[in-house]
Amino acid sequence: VTGTEPEPQIDLELVRLAQDGDDAAFGELVERNRRAVYRAAYAALGSAADADDVVQDAFVAAYRRLRSFRGDSSFRTWLLSIAWRKAMDRRRSVTRWMRLTVTHDRFAERAADVVERVPASEPSTDERLESAELQRHLRTMIATLPRKLRDVLLLAGSGEHSYEEIGGMLSIPVGTVKWRASEARRVLRKKLTALGYGHD
Amino acid sequence: MDMTDRDVDRAIDRAVRSMMDVEPAADTTRRVLASLGGGERRPIGWTWAAATAVAAILVLAMVLMRAPGPAQQPQIARDRTPESPAIAERSARMPGDVEPAAPPRARATVPRRAPAPEGHAADATANAIPPLAHIKPLVVPAPAARAIEPEAVVIAPLAAIPDLQVEPLPFAPEARD
């Protein structure tokens with residue numbers, strides 16, 4: 001089995017092989033889904049190191065529960081649910097909280113790095129709209145959104161997860177996912193307007 | 001800066017994409033497979049195991065060190081026996097009875113504890129309070145002797161008590177039932 005596109009049938013076949021003890025098939029499942037799991041964990045935690053740990057924990061947990069997977073949902077949705085629970089456990093953990101209180105906010109820290117890579121803009125309209133300053137403001141605003149809104153906005157914007165998958169991950173209806181994404185944008189628009197961007 | 005909603009949405013999309021432009025470690029699959037075989041254990045597991053073991057040893061050591069001595073338990077029991085005069089007196093007192101005035105304590109003259117045994121001498125010395133520099137002795141004047149001269153007691157004679165006059169009952173006692 002080759003390819004990295006999320007094809008449920010291929011995943012299902014690999015799951016059957018892995019359930020029969022084929023570790024190579026499980027390795028293929030890891031390879032095909034590791035980016036989606038990693039980005040979900042990163043959206044929740046904002047830390048590359050924490051996301052790496054969650055990826056490993058999630059795949060190990062999935063392997064151990066593989067026999068209980070009945071195929072009611074896709075393997076990917078099932079796996080992402082496990083990963084999200086692991087990420088939430090880590091987000092709530094006391095040790096991580098203590099570590100974050102003595103370091104910077106991870107999203108804000110990374111946001112500053114990315115801003116450095118945004119090319120200097122000339123005063124043409126399009127480039128000015130996405131100037132480094134605007135992007136910096138946006139990153140700060142996104143990092144300070146309420147968690148429920150930020151999670152959905154980042155998951156939806158990661159390019160890895162559909163609304164249905166996000167709903168499955170967070171155990172909420174798809175309608176709620178869409179509302180939260182829309183609400184996150186509304187809050188950001190309002191804040192941008194207050195900063196002088198956009199229009200009233 | 002004047003921006004349409006569409007411009008703002010585009011800017012938000014771009015910000016989110018750049019925030020989520022992250023890739024997992026290249027050796028993720030290898031590490032996961034190694035974990036499945038038990039060949040690679042993450043350090044955090046060992047850390048927790050070691051911390052738990054150390055905590056267990058400390059708790060065990062504290063429990064062993066704080067084991068009660070043979071004299072402590074009987075001491076408590078003796079204080080609570082009914083033979084203790086204070087407790088016996090409290091037990092005999094009825095609710096609502098007036099608390100009798102406590103007798104004056106003789107702290108200065110009666111030692112509350114027996115002298116410490118030899119083994120405690122070093123501790124007592126270490127915890128001793130340094131003496132005060134100088135205290136002048138109290139000077140109490142000698143009491144003057146006075147003769148007791150009671151006044152003469154005069155007892156007046158009782159007045160005559162008149163005879164009691166009891167009126168007869170209005171009905172016969174056997175008619176009550």
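Worth saying up front: this structure is predicted, and the values here are computed from it rather than measured.
Listed here is the closest heavy atom pair of Met20(B) and Ala43(A): CE-CB, 3.7 Å. Between Gln135(A) and Ser18(B) the shortest heavy-atom distance is OE1-OG, 4.4 Å. Leu134(A) and Ala11(B) get closest at one heavy-atom pair: CD2-CB, 3.8 Å. What you find for Ile142(A) and Ala15(B) is that their closest heavy atoms are CD1-CB, 4.0 Å.
Among Leu138(A), Leu29(A), Asp23(A), the residue making the largest number of heavy-atom pairs under 4.5 Å with chain B is Leu138(A). Interface remark: of the candidates Gly27(A), Ala41(A), Gly159(A), Ala51(A), Gly27(A) forms the most heavy-atom pairs closer than 4.5 Å to chain B. Among the candidates Phe59(A), Tyr38(A), Tyr63(A), the residue making the largest number of heavy-atom pairs closer than 4.5 Å to chain B is Tyr38(A).
A distance-only check finds a donor-acceptor pair linking the side chain of Arg34(A) to the backbone of Ala25(B) [under 3.5 Å]. Side chain of Arg39(A) to main chain of Val22(B): a donor-acceptor pair is present (N/O by atom type, distance under 3.5 Å, no hydrogens or angles).
Here Asp52(A) contributes atom CG and Asp27(B) contributes atom CG; the two are 8.0 Å apart, rounded to the nearest 0.5 Å. Taken to the nearest 0.5 Å, the CZ atom of Phe26(A) stands 5.5 Å off from the CG atom of Leu36(B). Put simply, OG on Ser35(B) and CD on Gln56(A) are 3.5 Å apart, with the number rounded to the nearest 0.5 Å. With rounding to the nearest 0.5 Å, the separation of CG in Asp5(B) from OG1 in Thr193(A) is 8.0 Å.
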Distance-only criterion, 3.5 Å: show the donor-acceptor pairs between side-chain atoms of residues 77-85 of chain A and protein atoms not counting sequence neighbours.
residue	atom	partner	partner atom	Å
Thr77(A)	OG1	Ser74(A)	OG	2.9
Ser81(A)	OG	Thr77(A)	O	3.0
Ser81(A)	OG	Gly168(A)	O	3.3

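For residues 179-188 of chain A, the interface with chain B (any heavy-atom pair closer than 4.5 Å) comprises Arg185(A), Leu188(A), sorted by residue number.
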